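In what follows, a structure is listed as structure tokens, so that the remarks can point back to it.
Predicted, not measured: the structure shown is a model, and the values here were computed from it. Throughout, protein chains are lettered first and strands after them, A, B, ... in sequence-line order, and every chain is numbered starting at 1. Computation of the quantities below employed the complete heavy-atom set of this structure, encompassing side-chain atoms and omitting hydrogens, waters and symmetry-equivalent molecules.
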Number of protein chains: 2
Amino acid sequence: MTITVKDVAKKAGVATSTVSRVINDHPSISIATKEKVRNIMKDMGYVPNISARNLGTQSANALGIILPPFLTKEQVGNPFYLELIYSINQAAVDLQLATVIITGKDNEELLNHVKQMYAQKQVDGFILTYSIKNDPILHYLMKETIPVTLIGKPCSQRDGLSYVDNDNQLLGRCSTNHLIEHHHQKILFLTDRQEDQVFIDRYIGYQSALKQANLPVFSPKILQEKQDWQEFIPWIQREGITGAIVMDEGLALKTIQALSQIGYEIPADFSLISFNNSFLATLTHPFLTSVDIQIHDLATASVKQLVSQLTTPTTRQQPVIIQTYGLIQRETVGQINTKD
Amino acid sequence: MTITVKDVAKKAGVATSTVSRVINDHPSISIATKEKVRNIMKDMGYVPNISARNLGTQSANALGIILPPFLTKEQVGNPFYLELIYSINQAAVDLQLATVIITGKDNEELLNHVKQMYAQKQVDGFILTYSIKNDPILHYLMKETIPVTLIGKPCSQRDGLSYVDNDNQLLGRCSTNHLIEHHHQKILFLTDRQEDQVFIDRYIGYQSALKQANLPVFSPKILQEKQDWQEFIPWIQREGITGAIVMDEGLALKTIQALSQIGYEIPADFSLISFNNSFLATLTHPFLTSVDIQIHDLATASVKQLVSQLTTPTTRQQPVIIQTYGLIQRETVGQINTKD
DNA sequence: TTGTAGGCGTTATCAA
DNA sequence: TTGATAACGCCTACAA
């Protein structure tokens, strides 16, 4: 029924081992036989059986994408993950790797799935798509020295951990500078999550930009509950804040709405700059000025990191920091009205 | 190094076949030996090697999720897919199946990946997450009688195709009725894509609800280009439209914005009801009244359908239509102001 | 109810 | 440069 190396070997008048070598482009096979065998493979429509290969090579030819245990509808909706999955898979396919999804409704379930996938040899390693404090998943993977690449920076010092991240301090600095260049002087930093390493780094960048420009640094505003907003908006007016760096595009949209309710015009009265450059940025006017974090590069680099762990397990991986970014100027940043 | 059936067998003083039977819970093994072997497996930390099993059973123990070849940032951002992936994986894990992602930058590449994954026996079958006209992917899978379950209704008659869908005509009818109950009389249907089977069905439901209520039926308004909006908004005013069924929550947000620009208050002057109940619905006020399409049920049913194709390839699958839905009332539907 | 033995399709280790 | 042959770990007749 299915065509195997044996069939190809017989037809080609060579041994199965030769066919196998041709498949793997082994250097010690003459060009002539390679040609011959390849033609026959094509003629017969031969396709290698990956399970059999995996059994032989003791590998899985697959990487696992660990998604965060989603808690809220908001997180599931986060466009970041789908784009990441998509880009990781594209990079993986280029290397003949399959991409397996790993989820769980909570950390315990997720950890079980991770363990199982690895123990059953269904994946060779993992890409962990999020970085949080005291993550039991990351802890387990490192303890067992299972190949893993983290997307994002580890929250605490993790020796030898392979990770790929944006230069979030740089992004924080550049976005802040963008507002400074537009003559803003009282610039805020807004977030809806503070445990996040991404937040910490960007906030550091924000601080450094302001200090360098001799402008006031504000402590980050955490906006989660309704009450946070109720205190926040009057406070902005009182303080005469004119601009903000916003961690998340969803949050930016909410902020714009809250400000319009007190009659602020964007960007005439207030400027915002956000991150990710997702579809949210161009959903409604004013379109969001946003920092593109190059998800594609992040994904490609993470796959590369993981693969090099797999091929050379001994050598330590240097973290990769994506330096490129895009400052996508749209409609939420303007010169500040200095006439008052 | 790794523990195999052989090791377990030796320690338990039984044959490897017995161990194998215990693993698969074969009925002809005595409870006593089952117990014994299981304990030993646990003690030794035995985990079956899936590649080996797959090789033996000629299966892959995995299903492939085919994602649409994404064209635009908007589509990548669509929260629907991530939620679907997540739910499918949860359902698959329960059945001990792995979930493999399949993508491509265009139909050609996607088709190649699909072919390859199946030929290499990396997946047993596919879940196709979208339904479009003349889809070469679906065409190929059906021609080759490869197990597949479609999420959504096929655009043209496809004998014997397994699919899982909402009752979109029902959803179209119910959402329209919801506006009718609020005394709306001139109700529109808004979409940003018209090739879509989902659109067609919901529009049919819209029509039937209006006809039954003896209210005017409008042809669907397609809103894609800027120009569409420029013509649309004045037209609404002229015609005195007071409500709309909107295919997509992103589109609903855009519509609300366009209407506010001409001074309309939502829902006092205009009501909207949309679909999916994604995080977009509660991003900004007014929060969207939305029809929840039960992605979780869709996912679970699709996995079940696919698995039953795999286990009993001969019997025909009856399509599954999810009848339940949630009408999530929020802030965009109100009684129409009848005083004018 | 259990054991024996062969096979699943590749790769890897020897020799030749 | 190639060919035999033995793994790889599990499943499944068939036999006992």
Side-chain angles (χ1 to χ4, degrees), chain A residues 1-38 40-41 44-62 96 98 116 118-122 124 310-311, chain B residues 1-38 40-41 44-62 96 98 116-122 124 311:
Chain A
M1 183 64 233
T2 47
I3 297 139
T4 74
V5 273
K6 227 181 229 170
D7 303 319
V8 177
K10 195 183 289 174
K11 192 148 188 180
V14 298
T16 58
S17 49
T18 303
V19 176
S20 173
R21 289 188 186 107
V22 172
I23 294 169
N24 296 292
D25 204 15
H26 193 99
S28 77
I29 297 286
S30 74
I31 302 195
T33 46
K34 268 189 190 170
E35 284 270 317
K36 184 176 67 180
V37 173
R38 279 193 186 128
I40 291 178
M41 291 196 307
M44 302 180 77
Y46 167 77
V47 179
N49 179 315
I50 301 291
S51 293
R53 170 182 299 168
N54 291 345
L55 183 58
T57 57
Q58 296 283 54
S59 66
N61 249 275
Q96 308 273 25
Q116 185 175 315
Y118 191 72
Q120 295 181 338
K121 297 218 165 47
Q122 301 217 70
D124 297 311
L310 297 175
T311 48
Chain B
M1 185 62 235
T2 46
I3 297 141
T4 73
V5 274
K6 227 183 228 168
D7 304 318
V8 177
K10 195 183 290 175
K11 192 151 188 176
V14 298
T16 59
S17 52
T18 304
V19 177
S20 173
R21 290 188 186 106
V22 172
I23 294 169
N24 296 293
D25 203 15
H26 194 98
S28 77
I29 297 286
S30 75
I31 301 198
T33 46
K34 268 189 191 170
E35 284 271 315
K36 186 176 68 179
V37 173
R38 279 191 186 131
I40 291 178
M41 292 197 307
M44 303 180 75
Y46 167 77
V47 180
N49 179 315
I50 302 292
S51 292
R53 171 183 298 167
N54 291 345
L55 183 58
T57 57
Q58 295 282 53
S59 66
N61 249 274
Q96 309 273 23
Q116 184 174 314
M117 294 303 277
Y118 191 73
Q120 295 182 339
K121 298 219 166 41
Q122 301 217 70
D124 298 312
T311 48

Does a nitrogen or oxygen in the side chain of A:Ser17 sit under 4.0 Å from OP1 or OP2 of D:dA4?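 For D:dA4, OP1/OP2 do not have a side-chain N/O of A:Ser17 under 4.0 Å.
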Ignoring backbone atoms, establish whether B:Asn24 has a side-chain N or O less than 4.0 Å from OP1 or OP2 of D:dC11.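 Answer is yes, contact under 4.0 Å.
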With heavy atoms of chain B within less than 4.0 Å as the criterion, where does contact along DNA chain C begin and end?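 So the contact region on DNA chain C extends C:dT1 to C:dG9.
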Taking atom [atom2] of [N] as reference, at what distance in whole Å does atom [atom1] of [X] sit?
X       : N      : atom1 : atom2 : answer
A:Ile29 : D:dG3  : CD1   : C1'   : 10 Å
B:Arg21 : D:dT12 : CZ    : C1'   : 8 Å
A:Lys6  : D:dT5  : NZ    : P     : 12 Å

Students often get this wrong, so: under 4.0 angstrom with heavy atoms, is [X] touching a base, only sugar-phosphate, or nothing?
X       : value
A:Val47 : sugar-phosphate
B:Ser20 : base
A:Thr2  : sugar-phosphate
A:Ser28 : base

In degrees rounded to 10°, what angle is found between the helical axes fit to the five outermost pairs at each end of the helix from C:dT1-D:dA16 to C:dA16-D:dT1?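 Result, rounded to 10 degrees: 30°.
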Using heavy-atom distances to pick each residue's nearest nucleotide on DNA chain C, tell me which of B:Gly56 and B:Thr16 is more 5'.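 Checking each residue's closest nucleotide, the 5'-ward one belongs to B:Thr16.
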